[in-house]
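As the structure is a prediction and not an experimental result, all values here were calculated from the model.
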Protein chains: 2
Amino acid sequence: MRHLHSLRYLDAIVRAGSIRKAAETLSITSTALNRRILTMEQELGAPIFERLARGVRLSAAGEILIHHARAQLADMERVKSQISDLSGIRRGHVSIACSQAVLPVFLPEQIARYRGEHPAVTFSVLRRDREAAEQALVDHSADLALVFEPIRFSEFGTLLAVSQPIHVLMSKGHPLAKTRSVRLRDCLRYPIALPSHLYGVRSVLDSAIVRLSAKLRPVIETDSFEFLRHYARQDKTISFQIPIGIAQGTRANDDVSRPIDPRDVPPGILYLGQLRGRTLPVAASRFAEQIATALATSFDEVGSE
Amino acid sequence: MRHLHSLRYLDAIVRAGSIRKAAETLSITSTALNRRILTMEQELGAPIFERLARGVRLSAAGEILIHHARAQLADMERVKSQISDLSGIRRGHVSIACSQAVLPVFLPEQIARYRGEHPAVTFSVLRRDREAAEQALVDHSADLALVFEPIRFSEFGTLLAVSQPIHVLMSKGHPLAKTRSVRLRDCLRYPIALPSHLYGVRSVLDSAIVRLSAKLRPVIETDSFEFLRHYARQDKTISFQIPIGIAQGTRANDDVSRPIDPRDVPPGILYLGQLRGRTLPVAASRFAEQIATALATSFDEVGSE
DNA sequence: CCTCACTGCTGCAGTTTATGCAGCGGCTTG
DNA sequence: CAAGCCGCTGCATAAACTGCAGCAGTGAGG
């Protein structure tokens, strides 16, 4: 819709940090962009940006406005998708911000399944740590978030929450693999590879370790689970992961996982959520329903709030 | 803001029912308006209006769009008011839809008081029956609603609810005025003037009467409380009203009011509310706070929901 | 200290978009 | 069947937007 161009421009400037850069990405001249901002500021009666030597920064008024603008843009998408839906065409776009754990198995499966039914729907998958995921909801760069142990909750509207007990990951022949369930103390006797503090698995482990008045001494600390998994296969280190991140039933899998005894480490929680109070586009809403049922059937649901 | 013109036009057409009529009220030609709609429909990929011989009517897609448009327009007002508020100027506009009962005394007082502090704020007061009040919230023609015994609740977000026992209204010398409280049966012995079924007072009375297995036989039935009050002064009829509608402590008042015994007629409830989930403009929000405290101090608050 | 790269901003000209006028055909109503 | 609306279209005009070239201000780096 033409009438939203100003808002799109605004958004681009905020993201780019300067009018000229934004003009490039929008493939118009900085002149046009600059003028639009000037007229908007005049209409508004207040400056939207502070002018700095290296670009522009949102003023207080601008902060309010950009929030409104992004909401408008997202809402327009929703309207369009609802109208498309009216004529029977299930098209649209779903953007989802998620923790790494759902990337290898769960999300690919789910998206493939959804697109099997609705091939006209496209997806964006944003890998975001737990704090950034909520931010993505706020600035409407994501419709949905699927996050393990999120940090802040103010703008997060929970759709579903499921329990995710921490599992120990190791190669097949590892001594810990003998028992059904593993005690945390036993883990500490082996070299450990850990995800960085950004991740929920780590924070759950950390607080459990504190209660044990022990200390985690990781041999490897990384923010790539990909690396973690491959490394554990070579060295005899152990690692940790949550069930949704573990490929179940794949044959060519030399890795073994065992749950940690819940007395030692309480299960973490995986949240499916959206921006509080927002009405999602049709496609996003349907997809959310799908993964909600998928989650609810595979894992234990946790009473929300 | 210029970029919202299309939405404003859209809204005007829906209200007017035809493009030509709307064009008049907008003081542009029908050509321009028509063209805007056509291009919007093209951009949208779906017709917004059905064309009839006598004008236009919203299509299904149009219904979705107009809802969005009105929300956007209202939200822009909110943004503007928040930005004005930033620079310390408390300006803005508050539109309130309300039952008649608050018109004579309560609302004039409250608005005057608010405008005493913030003279730059302007008001619209829409007298709406209980059903139309909620409709006004939905189509954003009102920010707030102050309604006695509303009918539907789906889109109504309650801010405060206070109890309003029904009072009997009569002229000074009336026999019923002797006691502190009046039984309903006693009222039935006198000629009665009643508001029409549109009003909450009537509906509360009606259901109470049914329980008494008696019948109301009103001498006068009207939708004007103004008339009701003046008539009761001349004839010896009695009438009914809720406390907030009764001028308390004014000297030049020949009317007397007595509460009906709560065993006969349970108190009705006066609701202050807004559109569920909407963020109000600053002025409306402040004003709502003011009347909420005013209501809470004068009357008994009722646990919401 | 000076240079240099980068910023936002402005006057002018060209282009695109929106508007207004007159008029057509279709429909309902009296 | 005529009158009165209605939405819609071709054409000319008015308004808005865009692009080019160039200016002044600012901060980083040598």
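- Rounded to a whole Å, the CD1 atom of A:I28 is 18 Å from the P atom of C:dT15.
- One finds no side-chain N or O of B:R51 lying less than 4.0 angstrom from the OP1 or OP2 phosphate oxygen of C:dC27.
- Atom C1' of nucleotide C:dT7 and atom CZ of A:F49 are separated by 14 Å, given to the nearest angstrom.
- Atom CG in A:L58 sits roughly 13 Å away from atom P in C:dG8 (whole-Å rounding).
- Between the side chain of A:R35 and the base of C:dG11, at least one donor-acceptor pair of N or O atoms lies under 3.5 Å.
- Between A:R78 and A:D75, at least one side-chain N (NZ, or NE/NH1/NH2) sits under 4.0 Å from a carboxylate O, which counts as a salt bridge.
- Between D:dC8 and B:R20, no contact under 4.0 Å exists linking OP1 or OP2 to a side-chain N or O.
- Listed by chain and number, the residues in a side-chain contact (heavy atoms from CB on, under 4.5 Å) with B:A97 are B:L126, B:R128, B:A133, B:A136, B:A142 (sequence neighbours excluded).
- In this structure the side chain of B:Q100 never reaches within 4.5 angstrom of the side chain of B:P195, judged on heavy atoms.
- Checked by distance alone, B:T31 brings a side-chain donor or acceptor within 3.5 Å of a matching partner on the base of C:dC21.
- Between A:R202 and A:E221 there is a salt bridge, since at least one side-chain N of the basic residue sits less than 4.0 Å from a carboxylate O of the acidic one.
- Among the protein residues, B:L52 comes within range of no part of the nucleic acid, since none of its heavy atoms lies under 4.0 Å from any strand.
- The CD1-P distance, from B:I19 to D:dT9, rounds to 11 Å in whole Å.
- Considering only heavy atoms from C-beta on, B:V147 comes within 4.5 Å of B:F156 through its side chain.
- Computed from coordinates, the B:H5 NE2 to D:dA15 C1' distance equals 13 Å when rounded to whole Å.
- Checked against C:dG20, D:dC17, C:dG8, the side chain of B:A32 finds its nearest nucleotide in C:dG20.
- With the nearest nucleotide of DNA chain D identified for both B:L38 and B:K21, B:K21 has the one nearer the 5' end.
- One can place CZ of A:R36 at 14 Å from C1' of D:dG19, the figure rounded to the nearest angstrom.
- At a cut-off of 3.5 angstrom, the base of D:dC20 holds no donor-acceptor pair with the side chain of A:T29.
- Contact of B:R54 with D:dG7 (side chain to base): no donor-acceptor pair of N or O atoms is detected under 3.5 Å.
- Regarding contacts with the backbone of D:dC8, a side-chain N or O of B:N34 is found under 4.0 angstrom from either OP1 or OP2.
- Both A:Y9 and A:A53 lie close to DNA chain D; mapped to their nearest nucleotides by heavy-atom distance, the more 5′-ward contact belongs to A:Y9.
- As a whole-Å value, the separation of B:Q42 CD from D:dC8 P is 12 Å.
- Place A:S18 and B:T39 on DNA chain C by their nearest nucleotides, and A:S18 ends up nearer the 5' end.
- One atom, CZ of B:R57, and another, P of C:dC27, lie 16 Å apart when rounded to the nearest Å.
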